[in-house]
Number of protein chains: 2
Amino acid sequence: MNTSDTKNKILDTAERLFARQGIGATSLRAIVREAGLNVAAIHYHFGSREALVLEVFNRRLKPINQQRVARLEEMEQTRSPAIPLNDLVRAFLEPVFSYFYDQPPQVRGLMARLHTEPDVTRPVLQQYHEILQRFQGAFLNAAPWLTPEQVRYRMSFMIGSMGIMLSGRHPAFCGKNGARLKPEQLFEEVIQYNTAGLSAGAPKK
Amino acid sequence: MNTSDTKNKILDTAERLFARQGIGATSLRAIVREAGLNVAAIHYHFGSREALVLEVFNRRLKPINQQRVARLEEMEQTRSPAIPLNDLVRAFLEPVFSYFYDQPPQVRGLMARLHTEPDVTRPVLQQYHEILQRFQGAFLNAAPWLTPEQVRYRMSFMIGSMGIMLSGRHPAFCGKNGARLKPEQLFEEVIQYNTAGLSAGAPKK
DNA sequence: AAATAATTTAAACACTTGTTTGAAATAAGT
DNA sequence: ACTTATTTCAAACAAGTGTTTAAATTATTT
């Protein structure tokens with residue numbers, strides 16, 4: 001078994017357990033037990049528990065955020081000067097969404113945690129600070145009747161509702177027999193909801 | 001020191017630590033250390049760690065949810081038959097908000113956790129299942145162009161954005177020098193945002 | 001004041017935590 | 001084939017986990 005094989009096995013297993021039981025509630029020993037490895041293997045390949053956690057996170061977040069900026073930059077060049085709010089919301093949410101539904105359940109679970117667990121979301125958002133700032137600028141262009149503070153807060157509301165969508169927490173209060181929207185419909189709901197929210201207070205034309 | 005004094009001391013200290021470090025990351029020993037008590041005191045007064053956690057939660061959630069139903073019932077009697085969406089959003093969010101800003105920081109921190117930590121939010125939402133269902137009915141009345149599923153999902157988006165607001169996670173991506181809205185303004189933002197989101201797709205009149 | 005009940009305490013229980021160590025096992029390079 | 005590197009492993013480390021027990025201390029009642 002070469003070095004990247006065991007490294008990936010650790011990453012995959014950690015990801016699965018993080019998704020299932022939470023990050024803080026998952027011990028290194030639980031990970032190696034399920035991966036059929038030794039506890040020391042984690043420290044050999046990653047250095048510490050914290051470093052492992054970070055690598056589990058960024059393996060998923062990096063491609064998503066790259067796609068976000070790619071879409072934003074493409075729109076900024078073609079559709080100048082102002083990009084419609086709806087398109088901005090799409091550029092921000094769709095990379096998460098498409099990645100989300102292409103991946104097995106454990107990846108979905110992890111991504112839900114990334115966007116809901118407070119002690120995880122905080123550093124995650126800080127790490128992608130520049131991307132958030134670029135989107136803030138674009139949103140401000142698209143909604144000039146808002147102050148920068150309002151834009152920031154509304155973006156955080158959008159992120160909050162996205163977290164809820166990812167975590168599938170909705171069934172928690174409608175029981176098991178409650179009908180569920182199909183992924184594409186659910187996503188359209190999120191887009192509509194947040195576009196309307198971000199547009200609130202817009203001057204009538 | 002009579003029995004309710006120590007019980008409250010445990011509740012208060014637990015609440016403060018839960019808010020600061022998270023529920024799962026707070027040990028019973030950390031609680032009693034700060035409260036100047038013995039570990040066994042917790043088991044004597046509460047029975048188990050889980051029972052303590054539950055009592056910490058419900059001490060705050062009960063009055064809030066009582067106020068929610070009170071406001072809903074009052075509106076259902078006076079303003080029949082259909083209650084405007086904006087008033088429903090207010091009836092749902094305002095009890096949390098007013099309670100939130102009347103309390104010291106540790107209570108705010110706890111309430112943020114209650115509405116963001118996945119493994120906490122799930123049982124919390126299940127426990128207040130009936131209240132959520134009543135609001136769902138009212139929302140469906142106020143927005144008859146939506147399906148029950150849409151209403152449920154949009155309510156969950158609203159809860160998600162509320163959680164973000166409570167957790168004050170917004171500064172995480174605007175740095176420390178970013179301007180912050182005053183509590184009342186912030187609350188009006190949340191109301192506006194979610195009213196617009198819930199109204200999305202409404203037939204023009 | 002004596003007896004009963006309620007509360008607090010130190011100590012132990014069995015078990016889990018992240019991290020480190022040094023010796024085995026495997027792979028790569030010469 | 002022999003010698004380096006790299007990777008794995010069992011074992012131990014010190015500290016922390018929720019829970020229980022039985023004795024000591026308070027409060028309350030008779």
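Applying the salt bridge (charged side-chain N to carboxylate O under 4.0 Å, His left out) test to residues at least two apart or on different chains, the pairs with a partner in residues 187-201 of chain B are A:Arg154-B:Glu189, B:Arg90-B:Glu188. Sorted by first and then second residue, the side-chain hydrogen bond (donor to acceptor under 3.5 Å, both in side chains) pairs with a member in residues 32-43 of chain B read B:Arg16-B:Glu34; sequence neighbours excluded. Within the structure, ring-ring contact (aromatic ring centres under 6.0 Å, His included) pairs that include any residue of residues 99-127 of chain B comprise B:Phe97-B:Tyr101 (at least two apart or interchain).
For B:Thr195, the side-chain hydrogen bond (donor to acceptor under 3.5 Å, both in side chains) criterion is met by B:Asn86, not counting sequence neighbours. For B:Phe92, the ring-ring contact (aromatic ring centres under 6.0 Å, His included) criterion is met by B:Phe135, not counting sequence neighbours. For A:Phe18, there are no ring-ring contact (aromatic ring centres under 6.0 Å, His included) partners two or more places apart in sequence or in a different chain. Listed by chain and residue number, A:Glu73 satisfy the side-chain hydrogen bond (donor to acceptor under 3.5 Å, both in side chains) test with A:Arg134 (two or more places apart in sequence, or in another chain).
Per the geometry, CD1 belonging to A:Ile42 stands 15 Å off C1' belonging to D:dT7, to the nearest Å. Distance A:Ile10 CD1 to D:dT8 C1': 11 Å, rounded to the nearest Å. Between the P atom of D:dT17 and the CG atom of B:Leu52 lies a distance of 15 Å, rounded to the nearest Å. Here the P atom of nucleotide D:dT25 and the OH atom of B:Tyr44 are 17 Å apart, to the nearest Å. Put simply, CG on A:Asp5 is 12 Å from P on C:dA27, counting in whole angstrom units.
Here the CZ-CD1 distance, from B:Phe46 to B:Ile10, works out to 5.0 Å after rounding to the nearest 0.5 Å. Atom CG of B:Leu93 is separated from atom CZ of B:Arg68 by 7.5 Å, given to the nearest 0.5 angstrom.
In this model, the phosphate group of C:dG18 is not approached by any side-chain N or O of A:Ser48 to a distance below 4.0 Å at OP1 or OP2. Contact check, B:His45 against C:dT8: a side-chain N or O comes under 4.0 Å of OP1 or OP2.
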Show me the dot-bracket string of DNA chain C, counting Watson-Crick or G-U pairs under 3.5 Å, with | for pairs to another strand and [ ] for crossing ones.
.||||||||||||||||||||||.||.|..
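You'll find that the side chain of A:His43 is closest to C:dT20, out of C:dT20, D:dT19, C:dT9.
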Scan nucleotides 11-17 of chain C nucleotide by nucleotide, 5' to 3', and note B when protein non-hydrogen atoms come under 4.0 Å of the base, S if they reach only the sugar-phosphate, - if neither.
-B----B
